[in-house]
2 protein chains.
Amino acid sequence: MPDPSPLPPPEAGGPGRAANRSLSVTDQIRDAILDGTVSAGERINEVRFSKTLEVSRTPVRAALQALAGEGLLDYAPNRGFTVREFPLSAIVDAYEIRASLEGVAARFAAERGLSAEERAIIEESLVAGDKLLARGEFAEGDLTIYRGINGDFHDTLLGAARNRMLAEMIRICHHVPMSSSRNIVAFEHRDVRRRHDDHHRIYDAILAREPWRAEVLMREHVSGVKSSLVKSLIERGEQADIVHGSAAG
Amino acid sequence: MPDPSPLPPPEAGGPGRAANRSLSVTDQIRDAILDGTVSAGERINEVRFSKTLEVSRTPVRAALQALAGEGLLDYAPNRGFTVREFPLSAIVDAYEIRASLEGVAARFAAERGLSAEERAIIEESLVAGDKLLARGEFAEGDLTIYRGINGDFHDTLLGAARNRMLAEMIRICHHVPMSSSRNIVAFEHRDVRRRHDDHHRIYDAILAREPWRAEVLMREHVSGVKSSLVKSLIERGEQADIVHGSAAG
DNA sequence: TCGGATTGAATTGTATTCACTTTGCTGCGG
DNA sequence: CCGCAGCAAAGTGAATACAATTCAATCCGA
């Protein structure tokens, strides 16, 4: 195939991940937002993006509308889309919201029960975490590995809640910008150890079919991440007044 | 104006509510979904809608994407949009999620405090409710009035939480189809009286700056609506097995 | 009669074009 | 020097045309 087509499909990068250009463009723009290529508050120019991504304005507009639905963009009639700004307070609040939602998810999971496959994945994540933490300190790359373990645990539990709306809302909480890059929360070994212990207890409560205990534990678990974040922010000298109320948990 | 223009703007019905056609079409399609004009599970035909609404496919597609973002539609590449189905279990779950979220909102409001205007609106809603309920029974249309009073209370509190993500998520919970039309929950006077008392107590907690008490009360308050719904559904002979877990509260 | 490939209509995806709104500049008047 | 009217450029909104995919009916072959 010596390039006879006038359009070397932009998706040629991988083995055809996206089904159509709109979805592909959506992913690309989302990444650009999340990694800061386009900065917060910035107004998005449709023609510029369409030139950059080598597509027409149509899939770009579709992508922008989708991202507005995800809460990453604001829309104003006749003025287009702007990158939504997430002040520190909103990021902190997002953890609080996520804590509440994941608490409900844990309760639902405890009520509804886990499939054999789900139990397997979670138990694997628990064992893997125990093994990783056994040494008492982290090696290079261990944190990345644990991030995957942590994701498996939460994702599986969320799936066990068997409620799509809940899943989508939690996903939105995870996509709050800076909640990943700024979130260089003090990831000391002791903190991770404690959070992994939380996982054990949460799983116990779910297996024991104790919904409310599962909810409280999960809520406290996620809320703990928020507290770590707030603490590290304060230590770094950020203004504490941005954080209201029960900052220190 | 003897109709010289080829396009008598479809928005001519009112004093120009929507800023552009996409938004107007979004509202119209949303209404069609919520009131059951298009039934659940049905696949949406873009050209059909564009003919019915007398616009091109472009604003229709924009509207569909927006509604997919609101969770009312599902999207499948190359297959378009379908009206999402909300089984009874999902509707019940939505109340549970909303209870959790509004609980957080009440806590935030208690932490952040209310503006004078917000206090005024809430106190007015409390007084109006007291007056409406004083007679001991409902007249025709009283329930509609109370629905407005109830909305004022909740909306104002939600605004006082000062968090947009929270507001949007709760809004989504409210838009779950059938949560309004099927929700002919046993609206007996006694039930409404009790819920209005809840409002008083929640407001007291917020004024007293007791965040956690406000959260618990609000959560229980919304959860109570769910319980009423479940109870009335069971009484009507619907299958109770759809409702899992803590059905009866 | 059943299975499967094929073809054509229906439907969605994308590009292009035109219309309208916004916006910023320019120049005239105060 | 300030302010406002008007105009031009840029950008978004909508419609239309075209391409690609899906879906169903039909036709063939076993």
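- Separating the CG atom of A:L64 from the C1' atom of D:dG11 is a distance of 13 Å, rounded to the nearest angstrom.
- Looking only at distances, no side-chain donor or acceptor of A:E123 sits under 3.5 Å from a matching main-chain atom of A:A120.
- Side-chain rings of B:H154 and B:H174 stay apart, their centers remaining 6.0 Å or farther from each other.
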- Encode nucleotides 7-14 of chain C as B, S and - characters from 5' to 3', where the letter depends on protein heavy atoms closer than 4.0 Å: B to the base, S only to sugar-phosphate, - to neither. ----SBBB
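- Taking atom NZ of A:K51 as the reference point, atom C1' of C:dT16 lies 14 Å away to the nearest angstrom.
- Put simply, the side chain of B:R98 never gets that close to the backbone of B:R171: no donor and acceptor are under 3.5 Å apart.
- The closest donor-acceptor contact from the side chain of A:E42 to the backbone of A:S39 lies under 3.5 Å.
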- Are A:N163 and B:I97 close enough, and set up right, to give a side-chain contact (heavy atoms from CB on, under 4.5 Å), and what steps lead you there? CA-CA 10 Å; A:N163 189 88; B:I97 295 167; 3.5 Å; yes
